[in-house]
Amino acid sequence: MRKNGVNKNLWLERLLRHTAQVSASETLEGAWSFGSAELDGLRLPCYAQGTGALPVAAYGLRADGSPVLVCSEGRTIKPEIQAAAGFRERGTVWVCQYEHSCGALLFTGSGDRRRWLVIEGTGGHIGFPKGHIEQGEDIAATVRRELREEVHVTNFRYIDSYRVDAQVITRKNREKAVTYFLASFDPAENILRKQEKEIVNLWLLPYEEARSRVNTALDRELIDKAQRLLEALK
């Protein structure tokens, strides 16, 4: 679908962070309302936290292909939008400027025999299992689900005193909060299996090889911090 000769998805992407003039016609639960937003010469349906001039925080494509906006000063993530929109937006696919992913660095063994689980996603990122928080989940529930779905690990043990919260900018220029934990697992109790639609490869690697295989500075910082902590716990 196109708007003035421009692909609709690309046009909607360009609206993210732009300021819209928002008016409310219906009050929803919490601080949310439903109404309309005016920008780029158009009036579009809109879910919002507040009224007046607000940045576009997300957009949705309904089942019929029509767009709907989300406007908010805050860092609104998909589960919050889904809770506010409720049944009326069933089937709407949301794209958010701000995201929150959670995951874990998994290792097995100790000392020279310690091995780290490293995965390669279909998008080319090589790092550690993680994924977006979904509606109704807290951080711990997201980690459990992502480890189960991505690498089929269901039996693991968190290592106390390791948690990393960081802010990154994605390749699509979106803001993402990431939260990582550290956990041990036993391959004898977990049959490793990659999620075919998300994961291209998975490896169990010693520290130095794992560190060289991951392809972002954040992932190298994560494994460095984890290695230091485990060495201190000897």
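Start at 1 with the first residue, then count along the sequence.
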**Student:** What's the spacing between Arg193 CZ and Arg148 CZ if we round to 0.5 Å?
**Tutor:**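 Arg193 CZ to Arg148 CZ: 11.5 Å, rounded to 0.5 Å.
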
**Student:** How close do Val143 and Ala104 get, counting heavy atoms only, and between which atoms?
**Tutor:**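 Shortest heavy-atom contact: CG1-CB, 4.2 Å.
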
**Student:** Under 30°, 30 to 60°, or over 60°: which ring-plane class applies to Trp116 and Phe107, parallel, tilted or perpendicular?
**Tutor:** tilted

**Student:** Does the side chain to side chain contact (heavy atoms under 4.5 Å, CB included) test come out yes or no for Glu150 and Ile119, once each step is laid out?
**Tutor:** CA-CA 9 Å; Glu150 290 199 341; Ile119 63 172; 3.5 Å; yes

**Student:** If you look at every heavy atom in Pro45 and Pro67, which pair is closest and at what distance?
**Tutor:**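 Taking every non-hydrogen atom into account, CG-O, 3.5 Å.
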
**Student:** Indicate, with yes or no, if Val95 and Val168 share a hydrophobic cluster defined by side-chain heavy-atom contacts under 4.5 Å among Ile, Leu, Val, Met, Phe, Trp and Tyr.
**Tutor:** no

**Student:** Any chance the side chains of Ser36 and Ser23 put a donor and an acceptor closer than 3.5 Å?
**Tutor:** yes

**Student:** Would you say the side chain of Glu89 lies within less than 4.5 Å of the side chain of Val68, judging by non-hydrogen atoms?
**Tutor:** yes

**Student:** So do Arg144 and Phe156 actually touch side chain to side chain, heavy atoms under 4.5 Å?
**Tutor:**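 A side-chain contact exists here, since the closest heavy-atom pair is under 4.5 Å.
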
**Student:** Kindly compute the distance separating CZ (Arg211) from CG (Leu205), expressed to the nearest 0.5 Å.
**Tutor:**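 Answer rounded to 0.5 Å: 14.0 Å.
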
**Student:** Compare all side-chain heavy atoms of Val151 with those of Leu106 and state whether any distance is below 4.5 angstrom.
**Tutor:** yes

**Student:** Can you hop from Tyr59 to Val22 via hydrophobic side chains spaced under 4.5 Å?
**Tutor:**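 In one cluster: no.
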
**Student:** Indicate yes or no: at least one non-hydrogen side-chain atom of Leu202 is less than 4.5 angstrom from one of Glu120.
**Tutor:**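 Heavy-atom side-chain distance check fails, nothing below 4.5 Å.
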
**Student:** Classify the ring geometry between Tyr47 and Phe34 as parallel (under 30°), tilted (30 to 60°) or perpendicular (over 60°).
**Tutor:** tilted

**Student:** With a 4.5 Å heavy-atom cut-off, do His132 and Thr142 have their side chains touching?
**Tutor:**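 Heavy-atom side-chain distance check fails, nothing below 4.5 Å.
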
**Student:** Can you name the closest pair of heavy atoms from Asn215 and Gly124 and give their distance?
**Tutor:**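 Distance-wise, the nearest heavy atoms are ND2-O, 2.9 Å.
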
**Student:** Could you pull out the closest heavy-atom pair between Thr122 and Ile199, with the gap in Å?
**Tutor:**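 Closest pair (atom of Thr122, atom of Ile199, distance): CG2-N, 4.1 Å.
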
**Student:** State whether the number of non-hydrogen atoms from other residues, nucleotides or ligands found under 6.0 Å of Arg88 atom CZ is greater than 12.
**Tutor:**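 Correct, the count exceeds 12.
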
**Student:** In Å, rounded to the nearest 0.5 Å, how long is the span from CD1 of Ile126 to OG1 of Thr216?
**Tutor:**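 The OG1 atom of Thr216 is 10.0 Å from CD1 of Ile126, to the nearest 0.5 Å.
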
**Student:** Please walk me through it: do Tyr98 and Gln167 pass side chain to side chain contact (heavy atoms under 4.5 Å, CB included)?
**Tutor:** CA-CA 10 Å; Tyr98 183 74; Gln167 301 288 331; 3.9 Å; yes

**Student:** Going hydrophobic residue to hydrophobic residue with side-chain gaps under 4.5 angstrom, can you get from Leu54 over to Leu44?
**Tutor:** no

**Student:** Keeping the roles fixed (side chain from Asn190, backbone from Leu192), state whether a donor-acceptor pair exists under 3.5 Å.
**Tutor:**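 Not a single qualifying donor-acceptor pair exists.
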
**Student:** Apply the test side chain to side chain contact (heavy atoms under 4.5 Å, CB included) to residues Leu39 and Leu69: give CA-CA distance (whole Å), side-chain angles for both, the deciding distance (0.1 Å), then the verdict.
**Tutor:** CA-CA 11 Å; Leu39 80 168; Leu69 299 184; 3.7 Å; yes

**Student:** So with a 6.0 Å cut-off around CG of Leu233, is the heavy-atom count from everything else above 12?
**Tutor:**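 Enclosed.
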
**Student:** Any chance you could lay out the salt bridge (charged side-chain N to carboxylate O under 4.0 Å, His left out) test for Glu137 and Arg145, step after step, and finish with the verdict?
**Tutor:** CA-CA 10 Å; Glu137 291 182 336; Arg145 176 178 56 77; 2.5 Å; yes

**Student:** According to a hydrophobic-cluster definition based on side-chain heavy atoms being under 4.5 Å apart (Ile, Leu, Val, Met, Phe, Trp, Tyr only), do Phe181 and Leu147 belong together?
**Tutor:**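 Both belong to a single hydrophobic cluster.
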
**Student:** Any non-hydrogen side-chain atom of Phe128 less than 4.5 Å from a side-chain atom of Ile223?
**Tutor:** yes

**Student:** Going through the distances and angles, do Arg213 and Glu209 end up as a salt bridge (charged side-chain N to carboxylate O under 4.0 Å, His left out)?
**Tutor:** CA-CA 6 Å; Arg213 186 73 61 94; Glu209 188 174 349; 3.1 Å; yes

**Student:** Using the salt bridge (charged side-chain N to carboxylate O under 4.0 Å, His left out) rule, take Arg174 and Glu13 through it: C-alpha gap first, then chi angles, then the decisive distance, then the call.
**Tutor:** CA-CA 10 Å; Arg174 297 184 190 133; Glu13 284 282 335; 2.4 Å; yes

**Student:** Trp94 and Ile133: same hydrophobic cluster, using ILVMFWY side-chain contacts below 4.5 Å?
**Tutor:** no

**Student:** Could you check whether atom CD of Glu189 has more than 12 heavy atoms from other residues, nucleotides or ligands sitting under 6.0 Å from it?
**Tutor:**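 Check passes, neighbour count above 12.
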
**Student:** What heavy-atom pair brings Ala53 and Thr19 nearest, and what distance separates the two atoms?
**Tutor:**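 Taking every non-hydrogen atom into account, CB-CG2, 3.7 Å.
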
**Student:** Do Glu146 and Lys130 meet the salt-bridge criterion of a basic N to acidic O distance under 4.0 Å?
**Tutor:**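 No.
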
**Student:** Distance only, no hydrogens: is a donor on one side chain within 3.5 Å (strictly under) of an acceptor on the other, for His18 and Asp40?
**Tutor:** no

**Student:** Can you confirm whether more than 12 heavy atoms, excluding those of Asn155, are under 6.0 Å from its CG atom?
**Tutor:**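 Yes, because the 6.0 Å sphere around CG of Asn155 holds more than 12 heavy atoms from other groups.
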
**Student:** Around atom CG of Asp138, are there more than 12 heavy atoms of other residues, nucleotides or ligands at under 6.0 Å?
**Tutor:** yes

**Student:** Do Thr76 and Gln97 pass the side chain to side chain contact (heavy atoms under 4.5 Å, CB included) test, and can you show the C-alpha distance, the side-chain angles, and the key distance before you say yes or no?
**Tutor:** CA-CA 8 Å; Thr76 306; Gln97 171 60 32; over 6 Å; no

**Student:** Do Val70 and Val56 have side chains that approach each other closer than 4.5 Å (heavy atoms only, starting at C-beta)?
**Tutor:** no

**Student:** Of the non-hydrogen atoms in Ile81 and Ala58, which two are nearest, and what is the gap between them?
**Tutor:**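 So the minimum-distance heavy-atom pair works out to CD1-CB, 3.7 Å.
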
**Student:** Rounded to the nearest 0.5 Å, what separates atom CD in Glu80 from atom CD in Gln135?
**Tutor:**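 Between atom CD of Glu80 and atom CD of Gln135 there are 10.5 Å.
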
**Student:** How many angstroms lie between atom CG of Leu105 and atom CG of Leu182, to the nearest 0.5 angstrom?
**Tutor:**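 Answer for the CG-CG pair, Leu105 versus Leu182, is 6.0 Å.
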
**Student:** Is it the case that Tyr207 and Asp224 place a side-chain donor and acceptor less than 3.5 Å from each other?
**Tutor:**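 Side chains of Tyr207 and Asp224: pair found under 3.5 Å.
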
**Student:** Which residues pass the ring-ring contact (aromatic ring centres under 6.0 Å, His included) test with Tyr162, sequence neighbours left out?
**Tutor:** none

**Student:** Say you draw a straight line from CZ of Arg114 to OG1 of Thr108; how long is it, rounded to the nearest 0.5 Å?
**Tutor:**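 Output value for this atom pair is 10.0 Å.
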
**Student:** Does any part of the side chain of Arg75, heavy atoms only, come nearer than 4.5 Å to the side chain of His100, both counted from C-beta?
**Tutor:** no

